[in-house]
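Starting from 1, each residue takes its place in the sequence as its number.
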Amino acid sequence: MTTVVILELDSLSNPSWHRLFHIYDAIKAGIPFKTIHDRTRIDIWFLKQIEDMILTEKEVEKHTLDTIPRDLLFEAKQKGYADRQVAHLLGCLESEVYRRRTELGIKRVYKLVDTCAGEFPAKTPYYYSTFEEENESVRSDRKKIVVLGSGPNRIGQGIEFDYCCVRACTALADLGYETIMVNCNPETVSTDFDTADVLYFEPLTLEDVLEVCEREQPLGVIVQLGGQTPLKLAAALENAGVRVLGTSVADIQRAEDRRAFQDTLKDLGVVMPRAASAETLDEACAAASEIGFPVLVRPSFVLGGRGMVVAYDEEFLRPFLQREILFGPGNPLEIVEYLEDAFEYDVDAVCDGKRTVVAGVMQHIEEAGVHSGDSSCTLPPFHAPPALMLHSHDITERLAAEFAARGFTSSTYT
């Protein structure tokens, strides 16, 4: 116990992205405010706000989903607790919390952002949600399409996601649709209040997107332009009755699941580096040894190149995975043969479900293994024999047809 407290106090002294959670743990463990203040120099007033959240959690934990009072659930939502967090406290499913609070009439309302600084009445449809009584959003009778953005920018994430979302809004407007953008990054063009007809400045979580859809009643939602964050919502949105436009949810999952994608490549006869999936540390090390070092290691279902590393021996691999990577049942790790001294190419295309048009083949300047979000590319490629270009086109078209892709599609070759 003493060791845990010492480690906790040490973590409080060093500013980092997770220090706030360590402060939360310290307060919950009973460490005095003065000690935390001396370590962090954070005003005690703010520490008391964190303590207030902990006290709310303790009250929620006293109940079940059926017995929790409406006022307490409403208070938790007003304080910013997501349905998923409430579900964790109550020991139930997120969907059950959503259904229960809907029955109790606990719904988001949307407030208009004053883009005119009070100088004259703001009419820009730019909204954020809160749990109050009065709703300021105005819904039109036009045909609507919701576009999900990419959320906060992350290291290794290119700006192409935002570009695609902006161009989608432009194209949909030309087709006569009212465009509704959902995104929470203030530094993007997609969240400029003049890009879409309506902007909801909201986190890209299931409950937030569902309530926007419930409010606006769109014809469908586009998830494939914002990267991994909205793609992860596709299945849950479809299960909730929201129409997902473009490539089907089943095919999205088949392409995103590394193991299923590898099986598809084998079925199509596409040559690929030796690969395996692992859900435990021992499985990962065994797979790496069987494939042969060096190997490229990365989790499935991640954004950009987060957690990706080239391992040259088990002496590096095992402690790295123990220290840096979260994986397990339902969240496998991909182990792939690493090809040294190789060129890497990105092929971008568009497909309507039947016909595929390759837009370009880009060659990475950095060595293979550097994620495309962290690398530089040249267009056209500086080293691509005609036979290689034809082969890359052929594989891209076959993959697009196999997954019945509708919209953008991208392939990487080494």
Looking only at heavy atoms, what is the nearest atom pair of [X] and [Y], with distance?
X    : Y    : answer
V198 : E178 : CG2-OE2, 4.1 Å
V347 : S392 : CG2-CB, 4.0 Å
A196 : M181 : CB-CB, 3.7 Å
H364 : C377 : CD2-SG, 3.5 Å
I36  : I31  : CD1-O, 3.7 Å

For Y200, enumerate each residue passing the ring pair (Phe, Tyr, Trp, His ring centres under 6.0 Å) test, keeping only those at least two apart in sequence or located in another chain. Y110, Y127

According to salt bridge (charged side-chain N to carboxylate O under 4.0 Å, His left out), does anything in residues 241-255 pair up with another residue at least two apart or in another chain? List the pairs. D251-R254, R254-E402

Any salt bridge (charged side-chain N to carboxylate O under 4.0 Å, His left out) pairs touching residues 45-56, not counting sequence neighbours? D52-K79

Output yes when R318 and D282 qualify as a salt bridge under the 4.0 Å nitrogen-oxygen rule, no when they do not.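 D282 and R318: salt-bridged.
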
Distance-only, no hydrogens or angles: does the D83 side chain make a donor-acceptor pair with backbone N or O of E94 under 3.5 Å?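 Absent.
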
Plane angle bin for W17 and F21 - parallel if under 30°, tilted between 30 and 60°, otherwise perpendicular: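 Correct class here is perpendicular.
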
Give me the ring orientation class for Y312 and Y338: parallel if the planes are under 30° apart, tilted from 30 to 60°, perpendicular past 60°.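 Judged by the thresholds at 30° and 60°, the geometry between Y312 and Y338 is perpendicular.
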
Checking [Y] against [X]: is there a side-chain donor and acceptor pair closer than 3.5 Å?
X    : Y    : answer
S129 : E202 : yes
T40  : R19  : no
E57  : Y81  : yes
T191 : N185 : no

Only residue of V249, V223, I252 satisfying side-chain contact (heavy atoms from CB on, under 4.5 Å) with E238 is V249

Six-ring centre of Y177, K143 cation under 6.0 angstrom, axis tolerance 45°: yes

For a side-chain hydrogen bond (donor to acceptor under 3.5 Å, both in side chains) check, start with the C-alpha distance between T195 and D192, then their side-chain angles and the critical distance, and finish with the verdict. CA-CA 6 Å; T195 296; D192 187 309; 4.7 Å; no

